[in-house]
Amino acid sequence: MLIAVRRWASADVEMVMSGSSWVTDDVEALRELAAAFFVKEALPREEEFAAQGFPSPDLWRAAGKVGLLCASIPEEYGGGGGTFAHEVAITEAQMRSGAGAMAITVHAGIVAHYLNAYATEEQKRRWLPRMADGSLIGAIAMTEPGTGSDLQSITTKAVRDGDEYVISGAKTFITNGHNAGLVIIAAKTDPGQGARGVSLLVAEVGDPGRETPGFQRGRVLKKVGQHSTDTAELFFDGLRVPAENLLGGVEGQGFIQLMVQLPQERLLVAAIGMAMLEAAVEHTVAYTKEREAFGRPLFKLQNTRFELAECATIARVARVFFDDCVAKHLAGELDAATASMAKYWITDRQTEVVDRCVQLHGGYGYMLEYPIARLFADGRIQRIYGGANEIMKELIARSL
Ligand SMILES: Cc1cc2nc3c(=O)[nH]c(=O)nc-3n(C[C@H](O)[C@H](O)[C@H](O)COP(=O)(O)OP(=O)(O)OC[C@H]3O[C@@H](n4cnc5c(N)ncnc54)[C@H](O)[C@@H]3O)c2cc1C
């Protein structure tokens, strides 16, 4: 793994985002701080985290200490007081470092924002500062063994009982699931209804090993890639949460809340794709200039040059579109269809370009000690989670 660390660090990867219009001086400063943190503190521990299947909680606390968690949550709740641009800068720096173990996008970019938007004042003051310092890790549990894309068909139930809801059901593929102390659960408060029966409830589930009664963690799932990232099954069997943990305070609002938050989630997946796409091109340019075949660098072969010329063009076009989406989102003008376009198109281009770059690496492109192989294995899921790309196309088509 030390070899991998060296290779990630030595590729002289330029941050293209530095030229993006939304990158102000303080966003750039945060990006530099994040890049240094991930390379120095997280990357050397990737192998340890991959072996256990999740990052250790102390890394979360270390990230919180330097201000990498909840950067876009108001300062009064312990956050950084920044904007979505700060979240993107952290995401891109993390993905470029090769240290993807902590799913900060889910914790800070998604879960904290549901709480900031829909939790009560008292709840925000209780949960958000702990999420910002890394002592409380957040997850959002929508997907079930029998239902992913068709979210309105979930079967997890939340039944009102006096001042509490009683939650029963099973979730799978939940990012940060093993470490999470706080889980937003999508559940049916009215099983007779489809989308209108779905609500979001917050559960304080306890630290690993000291779970709240009625809550159980399942397996940490073994994945094709993202070996160091925490993806787990969760089970609820009579888990009681206070009635005020119903986000928004009114039953049946879950789908509407998801619709409001989803553009940001989709843009964060696109941000991961953007960083991976650019990193793939830059690592491959560096590699093919070093590696020789038939007496000259691979980069001198016309096929290599043309392939990389095309991949670099795709990366540039994607960056322009992505930057436009970020600028629109910062101005509160990003519509759901455009966010779906960004998620689908950028992740499709990401996996296409990474695959072409693996080819240009030859056999070394299949070795996990090379960044391009990690980008290949870690990146494939991008077209599936956050809403499968086929679902994105459905949403886009509905807007036409
Ligand atoms: C690593 C990882 C992390 C994840 N993290 C989370 C998390 O934190 N929280 C969470 O709730 N979920 C999470 N998920 C779940 C993820 O969001 C789902 O896997 C995804 O939404 C697809 O659902 P599914 O797997 O049930 O596939 P299905 O819904 O069974 O769909 C399978 C395939 O069918 C096709 N398809 C489905 N519907 C349509 C349609 N209407 N039109 C055309 N084609 C269609 C698509 O190609 C799709 O990929 C994660 C998954 C993974 C693998």
Side-chain angles (χ1 to χ4, degrees), residues 49-50 53-55 91 95 100-114 137-156 167 169-188 194-195 198-203 205 217-236 247 254-255 257-258 261-262 264-266 268-270 272-273 276 340 343-344 347-348 350-351 374-398:
F49 299 152
F54 53 88
T91 302
M95 290 307 131
M102 286 181 294
I104 296 177
T105 45
V106 171
H107 170 86
I110 299 174
V111 174
H113 278 271
Y114 276 94
I137 298 167
I140 181 159
M142 298 177 280
T143 306
E144 301 183 350
T147 308
S149 306
D150 184 14
L151 191 60
Q152 61 177 317
S153 299
I154 56 170
T155 58
T156 296
I167 303 175
K171 300 285 181 181
T172 194
F173 303 155
I174 305 308
T175 301
N176 294 339
H178 177 79
N179 278 332
L182 179 146
V183 183
I184 298 178
I185 304 164
K188 281 275 173 78
V198 175
S199 300
L200 300 178
L201 296 106
V202 181
V205 295
R217 296 175 214 273
R219 290 174 300 156
V220 172
L221 298 165
K222 290 198 184 302
K223 306 185 289 295
V224 168
Q226 300 193 352
H227 296 147
S228 58
T229 315
D230 168 1
T231 311
E233 300 168 322
L234 305 179
F235 302 103
F236 314 105
L247 282 183
F255 248 78
Q257 292 161 343
L258 288 166
Q261 298 295 321
L262 279 173
Q264 171 148 325
E265 296 179 32
R266 293 190 170 137
L268 283 168
V269 178
I272 295 170
M276 287 185 155
S340 298
K343 195 275 170 179
Y344 130 67
T347 60
D348 263 18
Q350 164 219 322
T351 52
R374 284 276 312 279
L375 291 167
F376 182 75
D378 293 352
R380 180 60 182 86
I381 187 59
Q382 286 267 102
R383 284 158 50 198
I384 298 172
Y385 63 18
N389 283 6
E390 291 78 7
I391 299 292
M392 296 303 103
K393 291 179 200 174
E394 275 294 329
L395 296 174
I396 296 162
R398 275 181 218 166

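Indexing begins at 1, ligand by ligand and atom by atom, following the structure's order. For the numbers below, each heavy atom of this structure counts, side chains included, while hydrogens, waters and symmetry mates do not. Numbers for residues simply follow the sequence, beginning at 1.
K393 contributes no side-chain N or O that, together with a main-chain N or O of Y344, makes up a donor-acceptor pair within less than 3.5 Å.
Side-chain contact between T347 and V269 is present, with at least one heavy-atom pair separated by less than 4.5 Å. Side-chain atoms of H113 and Q261, non-hydrogen and from C-beta on, do get closer than 4.5 Å to each other.
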For ligand 1, what N or O to protein N or O distances fall under 3.5 Å?
| unit_1 | atom_1 | unit_2 | atom_2 | d |
| --- | --- | --- | --- | --- |
| ligand 1 | 5 (N) | F173 | O | 2.8 |
| ligand 1 | 5 (N) | T175 | OG1 | 2.7 |
| ligand 1 | 8 (O) | T175 | N | 3.0 |
| ligand 1 | 8 (O) | T175 | OG1 | 3.2 |
| ligand 1 | 9 (N) | I140 | O | 2.9 |
| ligand 1 | 11 (O) | M142 | N | 2.8 |
| ligand 1 | 11 (O) | T143 | N | 2.9 |
| ligand 1 | 11 (O) | T143 | OG1 | 3.2 |
| ligand 1 | 12 (N) | T143 | OG1 | 2.7 |
| ligand 1 | 14 (N) | F173 | O | 3.4 |
| ligand 1 | 23 (O) | S149 | N | 3.4 |
| ligand 1 | 26 (O) | G148 | N | 3.2 |
| ligand 1 | 29 (O) | S149 | N | 2.9 |
| ligand 1 | 29 (O) | S149 | OG | 2.7 |
| ligand 1 | 47 (O) | E390 | OE1 | 2.9 |
| ligand 1 | 47 (O) | E390 | OE2 | 3.4 |

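I185 pairs with exactly one of L200, L234, I140, I167 by the side chain to side chain contact (heavy atoms under 4.5 Å, CB included) rule, that one being I167. For the side chain to side chain contact (heavy atoms under 4.5 Å, CB included) test with I137, the passing option among N179, V111, V106 is N179; the others fail. Considering R374, Q382, R380 as possible partners of D378, the one that fulfils the side chain to side chain donor-acceptor pair (under 3.5 Å) test is R374.
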